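Input: a single structure, listed below in structure tokens.
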Number of protein chains: 2
Amino acid sequence: MRSVTIKDVALHAGVSKKTVSRVINKEANVKDETRQKVQEAIDHLGFKRNPLGMALAKNRSFFIALLADNPSPGYIMNLQKGIMKGCREEQMGVFLYDCSYRSPTLVEEIESFIDNTLADGLILAPPLSDKSELLDMLDRKNISYVQIGAKDKTRGDFVDMDAVKAAYDMTSYLLHLKHRDIGFILGHPDQYTSQRCEQGYRMAFADANLKVDESLIVQGYYTYQSGVDAASVLLNRNTPPSAIFASNDEMAVGVLYTAQSRGISVPKQLSIASIDDTPIVTKVWPNITTMRHPLTSIGYRAATFLIGRLKHKHAGANSSVNISESNETFHCDLVIRESTTLFTG
Amino acid sequence: MRSVTIKDVALHAGVSKKTVSRVINKEANVKDETRQKVQEAIDHLGFKRNPLGMALAKNRSFFIALLADNPSPGYIMNLQKGIMKGCREEQMGVFLYDCSYRSPTLVEEIESFIDNTLADGLILAPPLSDKSELLDMLDRKNISYVQIGAKDKTRGDFVDMDAVKAAYDMTSYLLHLKHRDIGFILGHPDQYTSQRCEQGYRMAFADANLKVDESLIVQGYYTYQSGVDAASVLLNRNTPPSAIFASNDEMAVGVLYTAQSRGISVPKQLSIASIDDTPIVTKVWPNITTMRHPLTSIGYRAATFLIGRLKHKHAGANSSVNISESNETFHCDLVIRESTTLFTG
DNA sequence: CTGAAAGCGCTTACAG
DNA sequence: CTGAAAGCGCTTACAG
């Protein structure tokens with residue numbers, strides 16, 4: 001069952017293939033009458049442009065890919081939703097490529113993924129956005145990308161959220177609830193966002209003229225298990241904190257588990273808070289107070305940036321101006337739920 | 001920066017393009033010496049076959065897509081993992097297409113997705129595998145697909161799990177724990193798997209010579225919220241059940257929330273069990289007893305089936321034998337965790 | 001065992 | 001405003 005091609009349409013409409021091409025690409029300079037004739041032929045024959053033909057001729061695939069290795073399924077899902085929306089609007093396909101950040105051959109794997117799919121551009125979710133060898137390879141191959149939550153903001157487009165402010169706001173809220181011993185669980189040390197969160201935590205204390213108890217800051221890795229472990233450390237103290245603020249939801253859920261399995265009542269005996277607002281946080285009991293990370297908007301924006309850059313890149317010689325780097329920073333809103341309450345020590 | 005093509009390799013090796021093509025496709029009938037010469041040229045020039053050229057010439061894209069609209073992120077993630085593994089092995093790309101099952105234009109949306117990407121084949125996750133209009137369209141377009149958890153097993157390939165047995169085993173286990181009033185939350189009425197689970201539940205009672213209390217069976221929709229709602233119904237009874245068995249994890253987590261928010265202690269006052277074993281079940285406290293649904297294996301198998309069928313389809317005329325439909329049914333294992341205990345009414 | 005020609009479905013570059 | 005020719009990078013069908 002051969003499908004109908006541009007050639008069939010041309011024949012049917014009595015014009016050249018080029019003219020059909022003009023019509024389907026909505027180019028100017030086609031007589032209305034001709035355009036209509038062609039359009040009728042298209043409708044009549046049920047013609048649909050074969051993207052592969054176009055891809056080969058234009059030397060671009062019209063696919064982009066989301067590269068991810070993130071311990072939080074909800075994080076990726078939300079991001080993905082926004083990216084898909086952006087891509088659908090622009091008729092771009094989205095590949096999902098799940099990689100293992102720790103793989104020693106990560107960069108080669110991704111390179112061969114690109115060679116195999118010819119993806120036009122990439123969206124890099126953390127922690128991949130923090131991997132400079134990867135960025136080097138992409139630059140060398142001249143592949144466009146946009147980073148989410150980037151460390152290296154000197155190159156390429158990026159979109160992120162204001163992590164300092166997010167952590168600041170949450171810490172301030174906890175302080176406002178009269179908590180003073182607030183355990184803080186860091187994210188992965190390799191990730192830029194993690195450092196930014198720590199900064200926000202410290203700033204909130206400073207602004208409240210309070211001193212940070214360094215022993216209350218413990219290392220995590222953004223995974224559920226690291227939340228469990230960090231909570232154990234914090235809860236094993238002679239004077240456990242009255243609140244624990246985890247840098248992401250997954251860890252907060254781990255904290256919740258640890259507390260509950262020890263018979264500690266949340267929020268009565270321990271308040272728990274986090275950043276992200278992924279779906280899991282409204283599924284556990286009690287629902288967790290968190291900062292709403294607008295991941296869907298971020299994904300949408302990232303897709304928009306990437307597609308814009310791709311368009312510009314292929315506009316080519318006629319506009320040799322290099323468009324400046326695009327970036328946008330989103331803010332997170334505090335969402336108060338059941339896991340935090342006033343300190344009544 | 002033009003990349004190196006088959007033509008460059010041919011020139012460099014002093015052979016025809018066709019011979020290069022033979023080498024990269026590992027065809028027989030090439031003199032060893034020639035093959036080596038070509039291979040050297042390939043290595044020397046760093047040639048990599050452009051998949052778009054191949055796709056156009058072969059009239060297939062070497063992409064498949066996973067179509068999903070499933071309320072459980074963990075379910076899709078696990079499935080995806082297996083599919084990607086299978087596709088990576090066979091050098092196929094994977095698209096993810098998130099659709100809305102309830103959309104009135106679902107079938108058209110998917111059709112235009114296929115037209116836009118030229119995906120060679122589709123993997124249909126529930127509930128899409130239960131949508132016969134969709135299957136009709138796919139058949140009409142002659143697109144290969146494999147269904148996961150299919151209702152209509154008379155057409156196409158499928159892979160699923162033995163839902164009757166899974167529900168039977170879990171119910172039996174609960175019965176073994178001396179529970180008699182076991183609330184059962186059904187899945188979505190449109191989904192075949194849901195009916196199968198109900199069957200298993202009933203069979204376990206029958207085999208134990210026990211009568212099912214019909215009022216203990218309540219409708220759910222596989223979503224978290226439907227689990228919350230169903231649990232309310234069950235827990236509002238004058239004589240609430242001592243155990244609740246939900247047809248999937250998401251609903252079980254909803255049950256857990258409802259119980260805990262009412263101060264009901266799990267498992268002391270209420271045992272909770274489910275089917276799937278998605279990640280969330282080991283994140284909540286207490287961890288939920290569930291049947292391990294081997295979704296990653298299922299995804300892998302589905303990819304394998306689909307790729308096999310695609311290969312066969314394109315082998316074409318020479319082997320006009322129609323390979324029979326492929327299918328496989330996996331079994332689930334009982335995983336006992338913290339949410340179930342002996343009934344001591 | 002190897003190659004020249006034609007073709008996949010589209011676009012680019014040019015001419016008129 | 002429109003079209004003929006050549007090309008994108010590969011494969012198929014055929015010939016030898």
Side-chain angles (χ1 to χ4, degrees), chain A residues 1-38 41-42 45-62 91 115-118 120 311 314-318, chain B residues 1-38 41-42 45-62 91 115-118 120 311 314-318:
Chain A
M1 178 182 95
R2 230 189 82 272
S3 46
V4 0
T5 74
I6 206 177
K7 196 173 156 192
D8 303 317
V9 176
L11 235 53
H12 191 94
V15 298
S16 73
K17 291 191 299 173
K18 176 62 214 175
T19 298
V20 177
S21 173
R22 283 197 180 90
V23 172
I24 58 185
N25 287 304
K26 303 194 203 316
E27 282 173 38
N29 295 337
V30 181
K31 221 200 297 181
D32 261 0
E33 188 189 334
T34 311
R35 184 185 302 278
Q36 209 164 333
K37 212 167 51 181
V38 171
I42 288 175
L45 299 172
F47 166 78
K48 280 160 187 169
R49 172 219 272 123
N50 181 326
L52 255 28
M54 177 171 59
L56 187 58
K58 290 212 164 208
N59 192 31
R60 50 185 294 210
S61 68
F62 294 91
Q91 307 254 48
D115 291 336
N116 283 331
T117 61
L118 254 36
D120 285 334
K311 272 187 184 153
H314 288 269
N318 46 347
Chain B
M1 179 182 92
R2 231 190 82 272
S3 46
V4 1
T5 75
I6 206 177
K7 196 173 156 193
D8 303 317
V9 177
L11 236 52
H12 191 94
V15 298
S16 72
K17 291 191 300 174
K18 176 61 212 174
T19 297
V20 177
S21 173
R22 284 196 180 90
V23 172
I24 58 185
N25 287 303
K26 302 194 205 315
E27 282 174 37
N29 294 336
V30 182
K31 221 202 297 183
D32 261 2
E33 189 189 335
T34 312
R35 184 185 303 277
Q36 209 163 332
K37 211 167 51 182
V38 171
I42 288 176
L45 299 172
F47 166 78
K48 279 161 187 170
R49 173 219 270 122
N50 180 326
L52 254 28
M54 178 171 60
L56 186 57
K58 290 211 162 207
N59 192 29
R60 50 185 294 210
S61 68
F62 294 90
Q91 307 254 50
D115 292 336
N116 283 331
T117 61
L118 255 34
D120 286 335
K311 273 187 183 152
H314 284 92
N318 46 348

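Keep in mind it's a predicted model, so treat the numbers as computed, not measured.
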Return the value, rounded to whole Å, for the distance between atom [atom1] of [X] and atom [atom2] of [N].
X	N	atom1	atom2	result
A:Lys48	C:dC10	NZ	P	13 Å
A:Leu45	C:dG9	CG	P	14 Å
B:Asp115	C:dG9	CG	P	14 Å
A:Leu11	C:dG9	CG	C1'	15 Å
B:Lys7	C:dA4	NZ	C1'	14 Å
A:Leu118	D:dC8	CG	C1'	12 Å
A:Ile42	C:dG9	CD1	C1'	14 Å
A:Arg60	D:dC8	CZ	P	18 Å

Interatomic distance, [X] atom [atom1] to [Y] atom [atom2] [nearest 0.5 angstrom]:
X	Y	atom1	atom2	answer
B:Asn59	A:Asn50	CG	CG	7.5 Å
B:Leu118	A:Ser3	CG	OG	7.5 Å
A:Thr34	A:Asp32	OG1	CG	8.5 Å
A:Lys48	A:Thr5	NZ	OG1	15.0 Å
A:Ile42	A:Arg49	CD1	CZ	9.5 Å

ask   = Under 4.0 Å: is that the gap between some side-chain N or O of A:Ser16 and OP1 or OP2 of D:dG3?
value =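 Answer is yes, contact under 4.0 Å.
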
query = Using a cut-off of less than 4.0 Å, is there contact between a side-chain N or O of A:Thr19 and OP1 or OP2 of D:dT2?
reply = no

query = Side chains of A:Arg22 and A:Asn29: does their closest heavy-atom pair fall under 4.5 Å?
reply =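 A:Arg22 vs A:Asn29: side chains apart.
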
task = Describe the nucleic acid contact of B:Asn29 in one word from base, sugar-phosphate, nothing, applying a heavy-atom distance below 4.0 Å.
result = base

ask   = Touch check for A:Leu56, heavy atoms < 4.0 angstrom, all strands: base, sugar-phosphate only, or nothing?
value = base

note = All stems that DNA chain D takes part in, i.e. 3 or more consecutive Watson-Crick or G-U pairs with distances under 3.5 Å, are C:1-3 with D:14-16, C:5-12 with D:5-12, C:14-16 with D:1-3

If you restrict it to nitrogen or oxygen atoms, what contacts under 3.5 Å exist between nucleotides 11-13 of chain D and the protein, and what is each distance?
{"residue": "D:dT11", "atom": "OP1", "partner": "B:Asn25", "partner atom": "ND2", "Å": "2.9"}
{"residue": "D:dT11", "atom": "OP2", "partner": "B:Ser21", "partner atom": "OG", "Å": "2.6"}

inquiry  = Please enumerate all residues that pass side-chain contact (heavy atoms from CB on, under 4.5 Å) together with B:Lys58, with sequence neighbours excluded.
reply    = B:Met54, B:Arg60, B:Phe62

ask   = Is there a donor-acceptor pair closer than 3.5 Å between any side-chain N or O of A:Asn25 and the backbone N or O of A:Glu27?
value = no

ask   = Considering all heavy atoms of both residues, which atom of B:Val38 and which atom of B:Ala13 are nearest to each other, and what is their separation?
value =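 Minimum heavy-atom separation between B:Val38 and B:Ala13: CA-CB, 4.1 Å.
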
